[in-house]
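Heavy atoms only: backbone and side chains are in, while hydrogens, waters and symmetry mates are out. Counting convention: from 1, in listed order, for ligands and their atoms alike.
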Amino acid sequence: MTELFLRCAELYIKSLTFQNYRNLKNSELIPSKGINLICGDNAQGKTNLIECIWLFTGGRSFRGAKDSELISFDKESSKIQVCFYAFGREQNIEIHIKNNRRTATLNDVPKNYISQIIGKFCAVIFSPNHLSLIKSGPEERRNFIDSAICQIKPSYPSLLTKYRRVLNERNALLKDIPKHRELEDTLDIWNERLAQEGALIFCERINYIKKLSEYTAVFYSGISSGKEKINISYKNGYNSDIKMSIEEVKENMLNVLRQKQSDDIYRGFTSSGIHRDDLGVKIDSRNAKSFGSQGQQRSAVLALKLAEAAVLGDEKGEKPIILLDDVLSELDSSRQSYLLNKLDSRQVFITCCESNISCENKILFINNGNIIS
Ligand SMILES: Nc1ncnc2c1ncn2[C@@H]1O[C@H](COP(=O)(O)OP(=O)(O)O)[C@@H](O)[C@H]1O
Ligand SMILES: [Mg+2]
């Protein structure tokens, strides 16, 4: 396991301070460089602490909270600071939350937009909400893949935007055709464009999924003590695979668009393309969504998230911090033990309700927002 991460440098939090953040009492926290267990009863502030760390990535709250909800109930503003080691040097980020807005300072330089700190402090988060990655429909899985690629390939978001624009044009045309039959002749231009843009996205996704699936298999095998096998695949409706060139993929997409053209006109939307694809997740050759137990589904999401972190680490040359909220429940003791003992080559924060978990890691107790380390 350790050798999976050797190519990456270290990224870790040296200290963390918060003022008026949710229910957390103003203080400074010095975590361990390895695994940090955050223990406490329900509603004491464990998820709040994980959420606070996540904000330094530049992303929004993973709970979908508004910025104003992050400020302690009776206060007007909040300030959180992290001092961390990354890319070979000590760095810092400060985030101010006021008037339902977040502003940031990176290494003491104020930034105009919070998005300017993205990529400086890398983390991957697992929370029970992420179980939807297995339980929900394909859209969740496409979003997972797309946002993971966005983190490593700055030009990818614009590919998605272009594709969506062409897709909207084609869909608008499909709706107009029944009223203006002559418009059907112009549809093939949009078929061409959609296939052109779609093929570029397909190639990015399939290459990413290949790397992701290799790591996911290693992590899943570790979590299940080698007893179960996971298989990740890119399911697409135009018979394309990783061995094909962009031109071949485009050709395949175009053929399917043309074949389904009459159906699409009847329905008024485009029924094939990268916007309909899916990430297939099988455990021991069976669909994880339909047949996986709660523990297996949780293990699968966890393996995917750890794999996301590993690929991100390879691409960035820096191992992201791992944030695991409420992951231990519903996992048997050997799966728990894997998380508590085998991820030690990086900084990890794991929340749990039990205080008698036996491990050698640093334990932070949280009681009513007070952190005792
Ligand atoms: N803006 C806020 N100001 C003060 N307390 C808050 C705020 N938002 C949430 N809380 C409190 O934080 C507690 C929940 O913390 P949380 O981290 O979710 O608990 P857990 O330890 O179960 O993960 C609740 O008691 C809630 O009232
Ligand atoms: Mg919680």
Side-chain angles (χ1 to χ4, degrees), residues 13 16-32 35-57 59-82 94-104 114 123-135 294-295 297-299 301-302 305-306 321-331 335-336 339-340 343 347-357 359 361-373:
I13 296 178
L16 192 67
T17 53
F18 21 80
Q19 268 174 29
N20 304 341
Y21 190 84
R22 295 242 197 213
N23 77 332
L24 300 181
K25 299 288 181 288
N26 297 351
S27 62
E28 180 180 34
L29 175 67
I30 313 279
S32 127
I35 294 182
N36 295 273
L37 207 55
I38 304 166
C39 295
D41 290 341
N42 290 333
Q44 299 305 308
K46 301 181 297 297
T47 304
N48 292 345
L49 178 56
I50 294 277
E51 176 186 48
C52 171
I53 298 173
W54 172 254
L55 291 183
F56 294 112
T57 63
R60 321 188 107 258
S61 158
F62 60 85
R63 298 162 137 181
K66 291 189 202 133
D67 291 340
S68 58
E69 291 167 3
L70 307 174
I71 304 166
S72 302
F73 289 146
D74 51 347
K75 299 288 191 296
E76 297 228 307
S77 67
S78 170
K79 183 166 85 175
I80 54 177
Q81 287 164 290
V82 68
E94 194 175 297
I95 294 179
H96 281 258
I97 311 163
K98 199 176 176 178
N99 299 332
N100 200 24
R101 217 180 140 232
R102 281 169 298 151
T103 51
I114 188 100
V124 164
I125 168 89
F126 169 95
S127 86
N129 289 347
H130 294 112
L131 289 171
S132 60
L133 199 50
I134 299 287
K135 292 178 191 265
Q294 299 273 38
Q297 292 184 346
R298 193 167 276 248
S299 306
V301 175
L302 201 51
K305 285 277 166 185
L306 294 172
I321 287 170
I322 310 262
L323 305 171
L324 303 174
D325 191 26
D326 276 339
V327 71
L328 296 178
S329 54
E330 283 176 44
L331 292 184
R335 287 176 200 240
Q336 289 188 355
L339 294 178
L340 294 172
L343 296 177
Q347 197 173 42
V348 183
F349 293 83
I350 310 184
T351 64
C352 75
C353 285
E354 294 138 68
S355 54
N356 60 349
I357 279 197
C359 70
N361 307 306
K362 174 147 182 157
I363 301 187
L364 309 165
F365 292 98
I366 294 205
N367 186 7
N368 193 18
N370 280 304
I371 304 173
I372 307 138
S373 57

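Protein heavy atom closest to atom 15 (O) of ligand 1, with residue, atom name and distance, is Asn48 ND2, 3.2 Å.
Between Ser72 and ligand 1 there is a heavy-atom distance shorter than 4.0 Å.
Ion pairing between Glu51 and Arg22 holds under the 4.0 Å rule for side-chain N and carboxylate O. Salt bridge annotation for Asp67-Arg102: present, with a cationic side-chain nitrogen under 4.0 angstrom from a carboxylate oxygen.
Remark: atom 26 (C) of ligand 1 lies closer than 4.0 Å to no protein heavy atom.
The local environment of CD in Glu76 is sparse, with at most 12 non-hydrogen atoms from other residues, nucleotides or ligands closer than 6.0 Å.
Contacts between Glu69 and ligand 1 below 4.0 angstrom, taking non-hydrogen atoms only, involve the backbone exclusively. If you look at Thr351 next to ligand 1, there are no close heavy atoms at all, none under 4.0 Å. Counting heavy atoms under 4.0 Å from ligand 1, residue Lys75 does not touch it at all.
In this structure, of Gln44, Glu51, Arg63, Arg22, the residue bringing a heavy atom nearest to atom 8 (N) of ligand 1 is Arg22.
Note: an N/O pair closer than 3.5 Å links Ile71 and ligand 1 by distance alone.
Around the Mg ion (ligand 2), protein N, O or S atoms at a distance under 2.8 Å total 1; waters are neither shown nor counted.
Although no hydrogens or angles enter the test, the distance criterion places a donor-acceptor pair under 3.5 Å between the side chain of Trp54 and the main chain of Arg60. Remark: side-chain polar atoms of Gln19 are not paired, donor with acceptor, to backbone N or O of Asn26 under 3.5 angstrom.
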Pair Lys135, Gln294 - check side chain to side chain donor-acceptor pair (under 3.5 Å), show working. CA-CA 10 Å; Lys135 292 178 191 265; Gln294 299 273 38; 3.0 Å; yes
Go through the steps to decide whether Val348 and Ile321 satisfy the test side-chain contact (heavy atoms from CB on, under 4.5 Å), and finish with yes or no. CA-CA 6 Å; Val348 183; Ile321 287 170; over 6 Å; no
Determine, step by step, whether Asn23 and Asn48 satisfy the side chain to side chain donor-acceptor pair (under 3.5 Å) criterion, reporting the C-alpha distance in whole Å, the side-chain angles of both residues, the deciding distance to 0.1 Å, and the verdict. CA-CA 8 Å; Asn23 77 332; Asn48 292 345; 2.8 Å; yes
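Annotation: side chain of Ile97 is in contact with side chain of Tyr21 (closest heavy-atom distance under 4.5 Å).
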